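Taking it in order: structure first as C-alpha cells, then the write-up.
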Amino acid sequence: MLYSSGTTGRPKGVRSPLRGEVFGTAQKHLYIIRSMSGHDENSIFLETGPLYHAAPLRFMIGMQRVGATSVIMERFDAEAALGLIEQYRCTHSLWVPSMFVRMLKLPEETRRRYDISSTVAAIHGAAPCPVGIKERMIDCPFGPTLVEYYGATEANGLCLVSSEEWLARKGSVGKPVLGEVHIMDEEGREELPPGETGPIYFANGYEFEYYRDPEKTAEARNDRGWTTLGDIGRVDDDGYLYLTDRKAFTIITGGVNVYPQEVENLLVTHPKVMDAAVIGMPSEDFGEAVKAVIQPVDMAEAGAALEGELIAFCRQSLSPVKCPRRVDFKAELPRHPNGKLYKRLLKDAYWGDHGTRIV
C-alpha cells in the first residue's frame, strides 16, 4: 500500500481492492506506459528520484519486470545525471520538472558536454511542467524524446502525451489512456463543456479508498462515483487535458481566482530564479494577496532590487491581479525529491493565527 505525497496535508494511505487477477499480472497502466516508451530487456533505466515515492518505485518495478537494467541515483544532481546517461548509455529515465529547471540553469557548454544520444524516452510527471521549460528541454538536451504522464498514487486515471503531440498542443498533459476525463462544476455535479475550467474527475479507472479515512474517501467521489484528486483543468475539443492548479492552492483575491501555477511557471524561467512558490497572504482589503517566495540562483542577489525586477518581469506577461505584490527569498524551498512542492509548509508559516484554507 502506497501513500500520497501529502502536498496539501498529511500523506494518505491509498488502498486498492484486489482485482482477482492471476498473481504476477502487471497493472494495466504499466503496459500502457511500456507501449509508449518502448522499454524492454535491453533497456537501461536511469532512476533520478527516491524509491520511497510512488512513481519512482512503480517505474522501477515496471522496468525490472521486463528485465531492464536500472541505474539508481542516491541523490539528484543535474550534471551528474547527464554524466550517468553518457557513462551507462541509458535509454530511459524518469524526471520531474524541478530537475529540468536545475538542468537548464547549468551553463550551456556543460549541458552539451555530455553525449546523451542513447536516450529513447525521458519520462516526466509528478508536477506540471512550465511550457517554456519543456520547450527548451525538447530543443536541448533531450530532443523529441520527452514523454509526459499525468496520474497519481490513486491510479484512478492516467494521461500520456508524446513530444510530437505536445508541440502541437503546448501545455497539455495528453489524453486519457486509463479512465475517462470529465471536467465538472465546483460541486462535481454538472459536466462542463470543452474549454471551461473546473475540477478534474476520472471515471472507469481503478477504484481506491483512503486507508482508515472514509470521510476523505467520500470527498473524492461525486454522486456518479467518479473520483477527483483535487486538481483543476480543462479539456480541448479533441479531448486533451490541460492542468490549471490544485484546488487547494487557488488564491481568491478581491473575488478573483488566481492559479499560482501560472505565476510559478513564469517565474522559474527568469535566469536569476532557481525555484518559485506562489501563495495567498492574508489581506484586509482583498481577503488574500499574491506573494511569491523565491529560491534565487545566487542568494547574495536576494533583496529589494531583485524583488522589483521579478514583479516587473511578471507584469510583462500577466494581468496585474495575478502578479505578486511582495517577494520573499529563501535559500531553499520545501520541495521534496519527488518534485512536489510542499506549499502548505510555506503557507502555514505565513498565515499564523489567520488560519489557512489548505487542509
Side-chain angles (χ1 to χ4, degrees), residues 30 33-51 53 55-149 160-168 170 173-174 268-269 271 273-275 297-298 335 337-339:
L30 292 178
I33 292 172
R34 183 182 180 185
S35 69
M36 176 169 276
S37 71
H39 61 274
D40 57 25
E41 68 276 10
N42 298 311
S43 301
I44 302 173
F45 175 61
L46 176 66
E47 178 55 83
T48 58
L51 297 182
H53 281 290
L57 178 62
R58 280 175 166 161
F59 273 94
M60 176 69 73
I61 291 171
M63 292 291 172
Q64 291 191 332
R65 77 179 296 121
V66 301
T69 298
S70 295
V71 178
I72 307 170
M73 299 188 74
E74 292 188 8
R75 180 180 180 275
F76 178 74
D77 176 271
E79 185 175 354
L82 294 173
L84 288 171
I85 295 174
E86 179 183 68
Q87 179 181 353
Y88 292 100
R89 307 306 297 154
C90 296
T91 58
H92 294 71
S93 50
L94 182 65
W95 310 83
V96 297
S98 59
M99 295 175 179
F100 290 165
V101 172
R102 281 160 171 73
M103 190 174 291
L104 291 173
K105 299 298 181 183
L106 294 172
E108 185 174 354
E109 59 270 21
T110 301
R111 296 199 307 272
R112 294 185 180 276
R113 182 184 306 153
Y114 298 93
D115 178 8
I116 62 170
S117 59
S118 59
T119 298
V120 173
I123 305 161
H124 70 98
C129 188
V131 170
I133 297 299
K134 188 161 180 175
E135 285 175 330
R136 292 177 63 192
M137 290 300 296
I138 292 175
D139 179 57
C140 175
F142 280 114
T145 65
L146 293 188
V147 176
E148 184 170 3
Y149 71 90
L160 291 174
V161 64
S162 67
S163 292
E164 290 80 4
E165 289 177 293
W166 186 88
L167 287 169
K170 292 182 179 181
V173 294
V268 294
T269 65
V273 173
M274 180 64 74
D275 202 356
V297 172
D298 183 357
R335 189 181 293 277
N338 66 347

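This chain uses plain numbering: 1 for the first residue, then up along the sequence. Since this is a predicted model, take the numbers as computed values, not measurements.
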Tell me the closest heavy-atom pair linking Ser43 and Gly38, and the distance in Å. OG-O, 4.3 Å

Sorted by chain and number, sequence neighbours left out, salt bridge (Lys or Arg N to Asp or Glu O under 4.0 Å) with Asp115 holds for Arg89

Test side chain to side chain contact (heavy atoms under 4.5 Å, CB included) on His92 and Phe59; report intermediate values, then the result. CA-CA 10 Å; His92 294 71; Phe59 273 94; over 6 Å; no

Considering all heavy atoms of both residues, which atom of Ala122 and which atom of Trp95 are nearest to each other, and what is their separation? CB-NE1, 3.8 Å

Exercise: identify the closest heavy-atom pair between Ala127 and Pro97: O-CG, 3.2 Å

Of all pairs that satisfy salt bridge (charged side-chain N to carboxylate O under 4.0 Å, His left out), the ones with a partner from residues 119-135, not counting sequence neighbours: Lys134-Glu148, Glu135-Lys170

Rounded at 0.5 Å granularity, tell me how far SG in Cys90 sits from CD in Glu47. 11.0 Å

Rounded distance [0.5 Å steps], OG1 in Thr119 versus CD1 in Ile85: 4.5 Å

Those residues that, when tested against Arg111, pass salt bridge (Lys or Arg N to Asp or Glu O under 4.0 Å) (two or more places apart): none

Contacts of Glu79 meeting side-chain hydrogen bond (donor to acceptor under 3.5 Å, both in side chains) (sequence neighbours excluded), chain-then-number -> Arg113, Tyr114

How many angstroms lie between CD1 in Ile72 and OG1 in Thr48, if you round to the nearest 0.5 Å? 11.5 Å

With salt bridge (charged side-chain N to carboxylate O under 4.0 Å, His left out) as the rule and sequence neighbours excluded, what pairs involving residues 98-109 come up? Glu108-Arg112

Nearest 0.5 Å, what's the CZ-OG1 distance between Phe45 and Thr69? 12.0 Å

Heavy-atom nearest pair, Leu94 first then Pro56, reads CD2-CA, 3.7 Å

The side-chain hydrogen bond (donor to acceptor under 3.5 Å, both in side chains) partners of Glu74 (sequence neighbours excluded) come to none

How long is the span from the CZ atom in Phe76 to the OG atom in Ser98, to the nearest 0.5 Å? 7.5 Å

Do the ring centers of Phe100 and His124 come within less than 6.0 Å of each other? yes

Closest non-hydrogen atom pair between Leu57 and Leu51, with its separation: CB-O, 3.5 Å

Shortest non-hydrogen pair, Ser163 vs Leu146, comes out as OG-O, 2.8 Å

Are any non-hydrogen side-chain atoms of Leu104 and Met137 less than 4.5 angstrom apart? yes

Hey, what do you get for CD1 (Ile116) to OG1 (Thr145), rounding to the nearest 0.5 Å? 7.0 Å

One pair to check against side chain to side chain contact (heavy atoms under 4.5 Å, CB included): Val101 and Asp275. What are the steps and the verdict? CA-CA 8 Å; Val101 172; Asp275 202 356; over 6 Å; no

